[in-house]
Amino acid sequence: MEQPIVYFNGSFIPDQEARVPLLTHALHYGTGVFEGIRGYHEADSGEMFLFRPLNHFQRMAGNAKLLHMALPSTPGEMVDATTDLIRRNHFEEDVYVRPILFKSAARVGVTLPEEESFAILAVPFGKYVDGRKGLKCMITSWRRLQDNSIPCRGKICGAYVNSALASHEARRLGFDEAIFLNEAGHVSEGSAENLFLVRHGRLITPDISQGILEGITRDTLIGIARETMGLDVEERPVDRTELYVADEVFLCGTAAEVAPVTNVDDRAVGDGHPGQITLRLQRIYEQLVHHRLPRHRHWLEPCYRMRERHFGVA
Ligand code: PMP
């Protein structure tokens, strides 16, 4: 098998050559920010489309500021590096792209050091959750981090200890996923997904001050709900018990896409089956990311056609 190629500090190199010292600051203190971007492979044309990569790198540029870091170049140039990476790896299946910017000083001491490293890697990636089956979720006993401790708004490496504890607890107790409450007791999000519920035909989601990531899938779905489905969308605090009486609940994210939740804390959501609005949003999202909705094609970045443009390769 060919060695995967990664982008590391400005060069494309074999994965095995990309090494960091054991004393790396981010390994000890979690001082990095990362992203997760999906690439959807289209079997008929052989094309690979990255979904909203520019928005992911724009978010990353903002998150980097939280840790006094900066992306090595503009978000647009980061998108170009990513499409180049996909071409160099000749992927012919769906992929998950993981850019990471981290504090790379190899010395002891917690203060944020100057040295930074930046990498992008991509791995083949199928479904993260089975979107046809409903998820059984629990309210985790762990509370969501607060903006004044480790901000959830940024995809900060160290913050994912909070997610890992919750997700592990849920799976160990026989649930599919965890749902966080924040310190104020309001619903926040899943371990790596934003959350929506439907009541009386309205779509409701915790607002951005509830300790959530400003999700790109969340933003995409709010747009679809308002513009394509004509639904009212409320961004506001949500109580735990509102989940118990909701008609529909679903989680969403780059990896999870649109994942219906049919049970919360051993209480059936609605009639215990994925709801109609959830399924409709799921269908439209699926069409959108697979390049079948002309109106949203600007969100899809082709990786292989660009090579034809640049290098004349058929
Ligand atoms: N919340 C958390 C904590 C996440 O890690 C993710 C995944 N990036 C999301 C929400 C969903 O965000 P997005 O739709 O941008 O992938």
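Just so you know, ligand 1 is whichever comes first in the structure, and atom 1 is the first atom listed for that ligand. All residue numbers refer to positions in the sequence shown, counting from 1.
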Could you list each N/O atom of ligand 1 together with any protein N/O atom closer than 3.5 Å, one pair per line with the distance?
{"residue": "ligand 1", "atom": "1 (N)", "partner": "Glu189", "partner atom": "OE1", "Å": "2.7"}
{"residue": "ligand 1", "atom": "5 (O)", "partner": "Lys155", "partner atom": "NZ", "Å": "3.1"}
{"residue": "ligand 1", "atom": "5 (O)", "partner": "Tyr160", "partner atom": "OH", "Å": "2.5"}
{"residue": "ligand 1", "atom": "8 (N)", "partner": "Lys155", "partner atom": "NZ", "Å": "2.7"}
{"residue": "ligand 1", "atom": "14 (O)", "partner": "Ile216", "partner atom": "N", "Å": "3.3"}
{"residue": "ligand 1", "atom": "14 (O)", "partner": "Thr217", "partner atom": "N", "Å": "2.9"}
{"residue": "ligand 1", "atom": "14 (O)", "partner": "Thr217", "partner atom": "OG1", "Å": "2.6"}
{"residue": "ligand 1", "atom": "15 (O)", "partner": "Arg59", "partner atom": "NH1", "Å": "2.8"}
{"residue": "ligand 1", "atom": "15 (O)", "partner": "Arg59", "partner atom": "NH2", "Å": "3.1"}
{"residue": "ligand 1", "atom": "15 (O)", "partner": "Ile216", "partner atom": "N", "Å": "2.8"}
{"residue": "ligand 1", "atom": "16 (O)", "partner": "Thr254", "partner atom": "N", "Å": "3.0"}
{"residue": "ligand 1", "atom": "16 (O)", "partner": "Thr254", "partner atom": "OG1", "Å": "2.5"}

- Under 6.0 Å between the ring centres of Phe34 and Tyr160? yes
- For the residue pair Leu50 and Thr82, establish whether any side-chain heavy-atom pair is separated by less than 4.5 Å. yes
- Message: Check for me whether Arg88 meets the cation-pi criterion with Phe12, that is, NZ or CZ under 6.0 Å from the six-membered ring centre and within 45 degrees of the ring axis.
- Response: yes
- Item | Charged N-O contact under 4.0 Å between Arg236 and Asp207 | no
- Would you find more than 12 non-hydrogen atoms of other residues, nucleotides or ligands less than 6.0 Å from Glu183 atom CD? yes
Let me check something: any side-chain donor-acceptor pairs from residues 121-132 under 3.5 Å, sequence neighbours excluded? List them with distances.
{"residue": "Lys127", "atom": "NZ", "partner": "Glu257", "partner atom": "OE1", "Å": "2.8"}
{"residue": "Asp130", "atom": "OD1", "partner": "Arg132", "partner atom": "N", "Å": "3.1"}
{"residue": "Asp130", "atom": "OD1", "partner": "Arg132", "partner atom": "NE", "Å": "3.1"}
{"residue": "Asp130", "atom": "OD1", "partner": "Arg132", "partner atom": "NH2", "Å": "3.4"}
{"residue": "Asp130", "atom": "OD2", "partner": "Arg132", "partner atom": "NH2", "Å": "3.4"}

